[in-house]
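What follows is a set of notes on a single structure, which appears directly below.
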Amino acid sequence: MPEGHTIHALAGRVEDAFAGTPVRFSSPQGRFAESAAALDGARVESAEAHGKHLAIHVEGEQVVHVHLGLFGRFGVRQHRRVDRGEPPTDLPVAGQVRMRMVNRTHVGDLRGPIVCELVTPAEWREVRAGLGADPLRDDRLPDAVRDRLARTRRAIGAVLMDQSLVAGVGNVYRAELLHRHELDPHTPARDVPAGVVTAIWDDLVRLMPLGVRTGRILVSDSDVERAEFLIAKGGTGRVRPHYAVYRRHGKPCPRCGETVVKETMAGRNLFRCPGCQH
DNA sequence: CCGGAATGAAGAT
DNA sequence: TCTTCCTTCCGGA
């Protein structure tokens, strides 16, 4: 799950749960213990996401920088020990919790992150400076990024995953977006017509917010329609996603019937339909 | 119980 | 291009 939509949703949940309140920080697993001690009891101000990176701003010019990596999770939930005094310190811990945040109403448990570090606001700005355009922050593809895409011979499949160009797109969105636009991932980026680049970007800008909202990567037209219909009726829109190619190797492409293949690109699993992606 | 795989990315070679 | 790290879950023995 951790592609950009997950992190943006998480930023919202962290902010709703903790912003404006003093928070107990701890590190049951131990590897964030020193920083947790420095943060403990401080007031959380806000949380924000850029691509797959999360920043939790804490009073005293402190920023917790988190990246979930491939299998990190950050579960935020209400706890049952709501009282008028201190946040409870005896909530049960399950598994390896790198960082725990607790206030009077909520607990957040971070497991398996690739990054969990206490940094300064300036250091967080540096992280952001190294990240490309985020479809969840920028409605329009910045010209600087468009120019770089128009110039590079690197494969469009690799470029879409390059966080310094496009921030937040991961393996699932990449596979499905390239299939939606009938594009072979191996096509050099500079050979992709400008109109197609724009169409892919606009698609991301439309689809990723639905991912934030539902917690699912919804990309097929029928899933999207169904989720939007359910949301309009007051539901969560949590439709079970149907992918065209992602992890569907050996199965027929829903558009052309050709068998979906799995290969490796830049060390990552790549799924595509040899029949209709050119 | 063990091995493998997973939506990620840095660092070494 | 490769190895390594982070943690959980699932299938096969």
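Chain naming here is simple, since letters A, B, ... match the order of the sequence lines and numbering starts at 1 in each.
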Check nucleotides 8-10 of chain C against the protein and report each pair of N or O atoms closer than 3.5 Å, with its distance, or say if there are none.
from  : atom 1 : to      : atom 2 : distance (Å)
C:dT8 : OP1    : A:Gln96 : N      : 3.4

Problem - Whether A:Arg255 side chain and A:His179 backbone form a donor-acceptor pair below 3.5 Å - result: yes

Exercise for the section: Determine the contact category for A:Gly72: base if any of its heavy atoms lies under 4.0 Å from a base atom, sugar-phosphate if only primed atoms, P, OP1 or OP2 are that close, otherwise nothing. Expected result: nothing

Exercise for the section: For C:dC2 and B:dA5, measure between their P atoms and round to the nearest Å. Expected result: 16 Å

So which protein nitrogen or oxygen atoms get under 3.5 Å of nucleotides 9-13 of chain B's nitrogens or oxygens?
from  : atom 1 : to      : atom 2 : distance (Å)
B:dA9 : OP1    : A:His67 : NE2    : 3.2
B:dA9 : OP2    : A:Lys52 : NZ     : 3.1

Problem - Other ILVMFWY residues reachable from A:Leu118 by side-chain steps of under 4.5 Å - result: A:Ile7, A:Leu10, A:Val14, A:Phe18, A:Val23, A:Phe25, A:Phe32, A:Leu39, A:Val44, A:Leu54, A:Ile56, A:Val58, A:Val64, A:Val66, A:Leu68, A:Phe74, A:Val76, A:Met99, A:Met101, A:Leu110

Practice task
Mind checking A:Arg216 for me? I need base, sugar-phosphate or nothing, with any heavy atom below 4.0 Å counting as a touch.
Solution key: nothing

Problem - Contact check, side chains of A:Thr187 and A:His278, non-hydrogen atoms, under 4.5 Å - result: no

Practice task
In whole angstrom, give me the gap between the P atoms of C:dC5 and B:dT13.
Solution key: 13 Å

Problem - Ring centers of A:His79, A:His106 separated by less than 6.0 Å - result: no

Exercise for the section: Report yes if some heavy atom in the side chain of A:Lys251 is under 4.5 Å from a heavy atom in the side chain of A:Val260; otherwise report no. Expected result: no

Practice task
Just need the stems in DNA chain C: three or more back-to-back Watson-Crick or G-U pairs, each with both distances under 3.5 angstrom, sorted by first number.
Solution key: B:1-6 with C:7-12, B:8-12 with C:1-5

Exercise for the section: Using the P atom as the reference point in each nucleotide, state the distance between C:dC6 and B:dA12 in Å, no decimals. Expected result: 16 Å

Problem - Pair listing, side chain to side chain donor-acceptor pair (under 3.5 Å) test, anchored in residues 138-148 of chain A, at least two apart - result: A:Arg146-A:Thr198

Handout entry: Any donor-acceptor N/O pair, A:Lys52 side chain to A:Val169 backbone, under 3.5 Å
Key = yes

Handout entry: Positions of residues 171-183 of chain A (non-hydrogen atom under 4.0 Å from DNA chain B), listed by number
Key = A:Asn171, A:Val172

Problem - Heavy-atom closest pair, residues A:Ala175 and A:Phe271 - result: CB-O, 4.1 Å

Exercise for the section: Say whether, by atom type as modelled, one donor and one acceptor occur between the side chain of A:Arg238 and the main chain of A:Thr214 under 3.5 angstrom. Expected result: yes

Exercise for the section: Can you tell me the distance, in whole Å, between the CE atom of A:Met208 and the C1' atom of B:dT7? Expected result: 11 Å

